[in-house]
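In what follows, a structure is listed as structure tokens, so that the remarks can point back to it.
Just so you know, these numbers use all the heavy atoms, side chains as well, and skip hydrogens, waters and symmetry mates.
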Amino acid sequence: MNSSTFLSPDAIRASFSSAMSSMYRTEVPAYGTLLSLVAEVNAKTLAASPEMAQRLEQTDTLERISEERHGAIRVGTPAELSMLRRVFAVMGMYPVGYYDLSEAGVPVHSTAFRPVGDAALKINPFRVFTSLLRLDLIEDAALREEARKTLDARQIFTAKAILLLEKAEMNGGLDAADAASFVQEILETFRWHDHASVSNDLYRRLHDAHRLIADVVSFKGPHINHLTPRTLDIDAVQALMPANGISPKAVIEGPPTRNCPILLRQTSFKALEESVSFINAEGVWEKGSHTARFGEIEQRGIALTPKGRALYDRLLTKSREVIRPAADGSNAQAYIDALQDAFAGFPDDWATIRTEKLGYFRYSPVATSTIRGSDLEELIRKGAVQFDPIVYEDFLPVSAAGIFQSNLGDTTAQNFAASPSQQEFELHLGAPVLDEFEHYANLENASIEACLQQLRPVALAS
Ligand code: OOG
Ligand code: NI
């Protein structure tokens, strides 16, 4: 097989992301409403700010601005997780970051499969936040074993998906026809099943242990539980949701509204109660319901250094000591105020964020300048080098927990002892996860090197 006939992993990912989007819009019509709202707000925001439109045009493709940025799934076994690693690799998506959600009362730990290079992100940024259930956190040993047995008995991939995966790995890629079937077959893994694979009794017991456990164990596969387009004005979309017939979660997760956006802000509409059938003790299908699927939006800002991230975590904790957002939204404004107050402690101009080494930047020579030199700071002072924030492409554990919580029903704040277990997760995954900070630091350093290389004093250039 000649590798030049292979479809690029980026193209396979783009096709997968678009197939997931149309499947989910069909499955969850409210998600379609959210997508239209996002497109409308994005268009308005761009029209009101030609400067933003121009800046985005240089880094993004404007007509794809409202497309999905991520989705999320939850799997039940180490074998499922490691198979997914192989599947996503065919689409140019690699595990980045480790997130321990047990600390926040959610019995999973997670990574994000995502494109890593700049070029790949630009072609299609789709990533999948993937969580592995921590059965070890179920206290009841008998229930734990029942859950394990149920999960071990299921096969979440079609036979053809497995064959195509093996073919891709053996040949180093897939041609266009195989890539198209691969996408279709993988889509099956993430499809919704309205017939549960457990009895109503087992469902009830799993649900009582934790709603998330019931969600992972009770179905044939890890249905996609949300997709997330990018919004250019998250506050506007949050405010417009109710008028469009969708009910937003109480508050936006992450940092407050700022001049210089940092990290990631997210909100969602609440998960829908959906009709599901369970088989009863007499072997008869009975109607019931299950709540898992929702729609989310995100707005991203600069990637923070460990120092910036520590400051972010400190300020977030500080605001949550003042007030914790209530699930019903009754203290939403007070929470927003407390968050704003706390984040007064985070510099809100790019120059200070840079000189205090709180965020990562991409440096580039200013085209109109003829100045040369070998000292970066001097070149910046003289206007020969400019810097732009590097966008944060990962996730935030406290925010993720907030998203999980508000979509599991707001009353289920269970406590698990925090038990991060990255080594075990990587063992199950079958590979180490990429360290996000190291990755952003490398991007920054590479841009500095390229800059200095290009602006070397003439006498030294040869
Ligand atoms: C994943 C929640 C995390 C995000 O955007 O932080 C997430 C889940 O609910 O399975 O998607
Ligand atoms: Ni999400």
Side-chain angles (χ1 to χ4, degrees), residues 10 45-46 49-62 64-65 69 96-97 114-123 125 230 232 255 257-265 299-312 343-394 434-462:
D10 295 335
T45 311
L46 287 172
S49 172
E51 190 194 299
M52 177 194 269
Q54 198 187 8
R55 219 176 45 241
L56 284 174
E57 195 136 42
Q58 287 162 6
T59 48
D60 295 272
T61 318
L62 276 186
R64 295 210 304 252
I65 212 88
R69 297 284 149 152
V96 180
R114 70 166 178 91
V116 171
D118 267 353
L121 277 164
K122 209 177 272 186
I123 295 170
R230 168 189 186 177
L232 301 175
T257 314
R258 297 163 43 89
N259 294 325
C260 300
I262 55 174
L263 297 171
L264 167 66
R265 303 183 72 208
Q299 186 170 11
R300 290 181 178 270
I302 189 174
L304 299 184
T305 60
K307 182 184 174 200
R309 178 55 182 273
L311 178 58
Y312 169 82
F343 275 82
F346 202 111
D348 201 8
D349 65 278
W350 295 126
T352 311
I353 292 175
R354 192 186 75 84
T355 49
E356 291 191 6
K357 295 197 177 341
L358 298 171
Y360 292 108
F361 290 86
R362 183 172 280 107
Y363 296 84
S364 57
V366 174
T368 50
S369 163
T370 54
I371 296 167
R372 291 175 160 267
S374 50
D375 180 332
L376 181 69
E377 292 307 317
E378 196 180 309
L379 288 165
I380 293 171
R381 266 197 311 278
K382 290 180 174 166
V385 165
Q386 59 197 355
F387 52 88
D388 294 291
I390 294 178
V391 176
Y392 188 60
E393 303 290 355
D394 295 287
L434 205 88
D435 179 278
E436 56 183 77
F437 290 110
E438 212 175 289
H439 172 65
Y440 294 117
N442 287 342
L443 291 178
E444 183 179 80
N445 288 334
S447 79
I448 294 174
E449 258 168 50
C451 225
L452 292 179
Q453 178 71 18
Q454 205 177 318
L455 297 182
R456 261 185 318 178
V458 185
L460 298 176
S462 63

*Tell me, do Thr257 and Arg265 make a side-chain contact under 4.5 Å, heavy atoms counted?*
yes
*Tell me, do Tyr360 and Leu304 make a side-chain contact under 4.5 Å, heavy atoms counted?*
no
*asked:* For the backbone of Cys260 and the side chain of Asp348, can you confirm whether one donor and one acceptor N or O come within less than 3.5 Å of each other?
replied: yes
*Below 4.5 Å, heavy atoms only, C-beta onward: do Ile353 and Phe361 meet side chain to side chain?*
yes
*Are any non-hydrogen side-chain atoms of Phe437 and Thr305 less than 4.5 angstrom apart?*
no
*Using modelled atom types only, decide if a donor and an acceptor are shared between the side chain of Arg372 and the backbone of Arg456 within a distance under 3.5 Å.*
yes
*Would you call Lys382 and Glu378 a salt bridge, using N to O less than 4.0 angstrom?*
yes
*Do Val385 and Leu452 come close enough that some side-chain heavy atom pair is under 4.5 Å?*
no
*Mind checking side chain to side chain contact (heavy atoms under 4.5 Å, CB included) for Thr355 and listing every partner two or more places apart, or none if nothing turns up?*
none
*Say whether Tyr363 and Asn445, considering side chains only, have a donor N or O and an acceptor N or O under 3.5 Å apart.*
no
*Can you tell me if Ser447 uses its side chain to pair, donor with acceptor, with the backbone of Glu444 under 3.5 Å?*
yes
_Side chains of Ile302 and Val391, heavy atoms from C-beta outward: is any pair under 4.5 Å?_
no
*Going through the distances and angles, do Glu436 and Tyr392 end up as a side-chain hydrogen bond (donor to acceptor under 3.5 Å, both in side chains)?*
CA-CA 9 Å; Glu436 56 183 77; Tyr392 188 60; 2.8 Å; yes
_Within the structure provided, determine whether Val96 and His439 are in side-chain contact (heavy-atom separation under 4.5 Å)._
no
*Whether Thr45 side chain and Leu232 backbone form a donor-acceptor pair below 3.5 Å*: no
*Between Arg300 and Leu263, is any pair of side-chain heavy atoms under 4.5 Å apart?*
no
*Are Arg114 and Asp394 close enough, and set up right, to give a salt bridge (Lys or Arg N to Asp or Glu O under 4.0 Å), and what steps lead you there?*
CA-CA 9 Å; Arg114 70 166 178 91; Asp394 295 287; 2.9 Å; yes
*Just checking, Arg258 and Phe343: is the charged tip under 6.0 Å from the six-membered ring centre and within 45° of the axis?*
no
